[in-house]
K.L.:
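Could you have a look at this structure, given as C-alpha cells, before my questions?
Within every chain, numbering begins at 1; the chains are lettered A, B, ... in the order of the sequence lines, protein sequences first and strands thereafter.
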There are 2 protein chains.
Amino acid sequence: MYEITSLRQATTLGEEVVRRLRYLVITGRLAPGTHLVEDRLAREFDISRGPIRDALRKLEGEGLLESRRRGLFVVGLDESDVEELYTLRESLESLALRRSMERATPEDWATLQGPIDAMRDAADRGSAEDFASADLEFHSRFYELSGHRRLVSVWEQYRPTFSVLLSVTNAQDADLHPSAEAHVALLEGVRSGDVESTVRELSAHLLGAKNRMRAARAKGAH
Amino acid sequence: MYEITSLRQATTLGEEVVRRLRYLVITGRLAPGTHLVEDRLAREFDISRGPIRDALRKLEGEGLLESRRRGLFVVGLDESDVEELYTLRESLESLALRRSMERATPEDWATLQGPIDAMRDAADRGSAEDFASADLEFHSRFYELSGHRRLVSVWEQYRPTFSVLLSVTNAQDADLHPSAEAHVALLEGVRSGDVESTVRELSAHLLGAKNRMRAARAKGAH
DNA sequence: GTTTCGTTAACCGTCGACGGATATCGGTTA
DNA sequence: TAACCGATATCCGTCGACGGTTAACGAAAC
C-alpha cells in the first residue's frame, strides 16, 4: 500500500510519524478517503499507539486528515485545496506584512538577505527542495517580525504543507531564478516603506505562486 | 489552587478537561506562567495521563498553553492578546465574508435571523452567556458559508476563546440590545450585496467589539 | 429481493507502568 | 563566597492491555 522504511531519529516518534504521513498524504501516495486505523499504523510503524495518536491529531489540525464517524480519513489535496491554502495565506501574510512594516528595523530586514542568497544558490544547483525551504524561510520572517504570536502559530500550522507542496512542484520548474528575484523585489518594497503598495505586491506574488502551482499540478501526475 | 468538581459526561474525558482548563486559563484563575504537569493534573482530575495529554495538546493549539523546556505553561490573556485575537479575526472574517457574499443564497442568509433573535432574547433576559453564544453563532455562519474548510478550521480553533472571553465581559454590559442591533445592520449590509462596504462595516463592528472588551477588562478584576 | 435483527469483529478511549532524560539541590572544592 | 559537580527526584515519551461502543456482516422474516 505505501512503503514504511525505518523511523529516523527524531525529537519524538510521533513527530517522525507526522512527517512521514504528511508527505504521503500531500503527494497523494496515500489516497484520499483512506481510512487510517491507529492499530494498523502502530503495527506498520512498529511502535505503540500513543505516538500514532499524537501524529493523527496533529495532521488533523493541519487539515490533511478528517475525523469522521470512526477514526481518521485522508483528505486529499485537489485544486480547490490549493486555492484555499493560498487565499488563507494571502490573508494571513498581508496582515503579517502590515504589522512587520510598522515594527521592524532595517537590521531586521537585513536578515531576509540570507534566504534570498539561499534561493539563488538552490536555483543555481537546481535543488527544488532547498529552494522551497529558503522560500518559506523568507516568508516566515514576515510572521516573526509581525510580533503576532497567533499569526505565527497559524502559519506554522500550514507551513509544512506548503513545504512539501513547493518541493514537489518546484521540481517541475526548469529555472527557479525568476522566483528568487521576485523575492528581491518584495524586499525592496518592504524597505521602501510603502505599505499599501507592498501588500499589493505580496498579493500578486502569492497569486503568481498559486498559478504556477496549479499549472504544475495540472501537468504533473495527479 | 483551583477547584476540581466532577467530570460531567462528555463525549470524551479529554474534551471535558479541555473545557475546564480553558475556562480556568482564560478567566485567569490559572495564573500565567503556571507549570502544568501531566502527572499532577491526572491525579487532580482522577483520570489517567492519556486524556490529559490530549487536552494539553489541544489547548496548546489554541494558544492558551505554551510548550517550553519541560512541560506546558499557562499563557495568560493580557491586553496584547485581545489585540491579537481581534486583528487575526478581522483578517479571517473579512475573507470569510467576501467569499460567502459571492456564494451564499438569500436562503442561506435567512439562517442568520435565528442567532439574531436569540441575541435579542438573551439581551431581554440579560443572559451574557447565551448572548455570547448566539453572537458567535451568527459570525460562524460567515465562515460556514464561505465554503473554505481551512478558514472554518482556524476559526474553530479560536472560537472557544472568544466564547469564554465574551461571556465574561458581556456580563459587565448593562444593556446588550445595541450589540444585537449592530448585527442586524451587518445582515442588511450582506443582503445589499455591496461587498466592500460590508467588509468595512464588519471591520468597524469588530473594532467596536474589541474596544468594548478592552474597556470591560480594564475595569474588571484582572 | 428487501428489510430487520442479532452476532461478531473492529476500533478507539482509557488505564497503569517503565525507563530515560533533565532540572534541582546539596556538598565539595577553589 | 562562588563555581563546579554528582546524586536524586521529577517529568515526559512510550508501551501493552482492557473494555465499551459502534460498524459490518450474515441470517431470518416478510
Side-chain angles (χ1 to χ4, degrees), chain A residues 1-2 4-22 24-25 30-75 160, chain B residues 1-2 4-22 24-25 30-75 160:
Chain A
M1 183 179 201
Y2 50 84
I4 303 290
T5 59
S6 67
L7 266 55
R8 284 190 311 191
Q9 81 289 359
T11 55
T12 170
L13 286 178
E15 270 309 307
E16 184 60 22
V17 173
V18 165
R19 286 192 22 224
R20 292 287 190 78
L21 290 181
R22 180 157 52 213
L24 293 172
V25 170
L30 220 47
T34 304
H35 185 192
L36 295 182
V37 177
E38 294 181 1
D39 264 317
R40 213 164 60 75
L41 289 173
R43 263 178 282 126
E44 296 188 55
F45 282 100
D46 196 33
I47 58 176
S48 76
R49 273 179 53 216
I52 299 288
R53 281 174 70 81
D54 290 346
L56 296 183
R57 294 279 151 80
K58 185 113 188 270
L59 292 171
E60 186 186 1
E62 294 181 11
L64 297 174
L65 302 181
E66 184 185 33
S67 163
R68 287 212 291 265
R69 34 181 177 119
R70 185 87 82 90
L72 293 166
F73 293 78
V74 174
V75 177
Chain B
M1 184 179 200
Y2 50 84
I4 305 289
T5 57
S6 68
L7 265 54
R8 285 191 310 190
Q9 79 289 359
T11 55
T12 169
L13 286 178
E15 270 308 308
E16 184 61 22
V17 172
V18 165
R19 286 192 21 223
R20 292 289 189 77
L21 289 182
R22 180 156 51 212
L24 293 172
V25 170
L30 220 45
T34 304
H35 185 193
L36 295 182
V37 177
E38 294 181 1
D39 265 317
R40 213 164 62 75
L41 289 173
R43 263 179 282 127
E44 295 187 56
F45 282 102
D46 197 32
I47 58 177
S48 76
R49 271 178 54 217
I52 299 288
R53 281 175 69 83
D54 290 347
L56 295 184
R57 295 279 151 80
K58 185 116 189 267
L59 291 171
E60 185 185 0
E62 294 181 11
L64 298 174
L65 303 182
E66 185 185 32
S67 163
R68 288 211 290 265
R69 33 177 180 124
R70 186 87 81 90
L72 294 165
F73 293 78
V74 174
V75 177

K.L.:
Could you state the atom-to-atom distance from CZ of A/Arg40 to P of C/dC12 in whole Å?
P.N.:
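My rounded result for the distance is 11 Å.
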
K.L.:
For A/Arg70, what residues pass the side-chain contact (heavy atoms from CB on, under 4.5 Å) criterion, not counting sequence neighbours?
P.N.:
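Expected list: none.
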
K.L.:
Report, as a single string ordered 5' to 3', how protein heavy atoms within less than 4.0 Å touch nucleotides 12-18 of chain D: B base, S sugar-phosphate only, - not at all.
P.N.:
BBBB-B-

K.L.:
Could I get the full list of side chain to side chain donor-acceptor pair (under 3.5 Å) partners for B/Arg53, not counting sequence neighbours?
P.N.:
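Result, side chain to side chain donor-acceptor pair (under 3.5 Å) vs B/Arg53: A/Asp54, B/Glu38.
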
K.L.:
Who are the side-chain contact (heavy atoms from CB on, under 4.5 Å) partners of B/Val74, not counting sequence neighbours?
P.N.:
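For B/Val74, the residues satisfying side-chain contact (heavy atoms from CB on, under 4.5 Å) (neighbours in sequence not counted) are B/Val25, B/Leu30, B/Thr34, B/Leu36, B/Leu65.
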
K.L.:
Return the set of residues passing side-chain contact (heavy atoms from CB on, under 4.5 Å) with B/Ser48 (not counting sequence neighbours), or none when no residue passes.
P.N.:
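So B/Ser48 forms a side-chain contact (heavy atoms from CB on, under 4.5 Å) with B/Pro51.
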
K.L.:
From CG of A/Leu56 over to P of C/dG13, roughly how many Å is that when rounded to an integer?
P.N.:
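Checked: the CG to P distance equals 10 Å.
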
K.L.:
Does A/Glu66 have any salt bridge (Lys or Arg N to Asp or Glu O under 4.0 Å) partners at least two apart in sequence or in another chain, and if so, which?
P.N.:
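A/Arg68.
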
K.L.:
In whole angstrom, give the distance that lies between atom CG of A/Leu41 and atom C1' of C/dC11.
P.N.:
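Whole-Å distance recorded here is 12 Å.
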
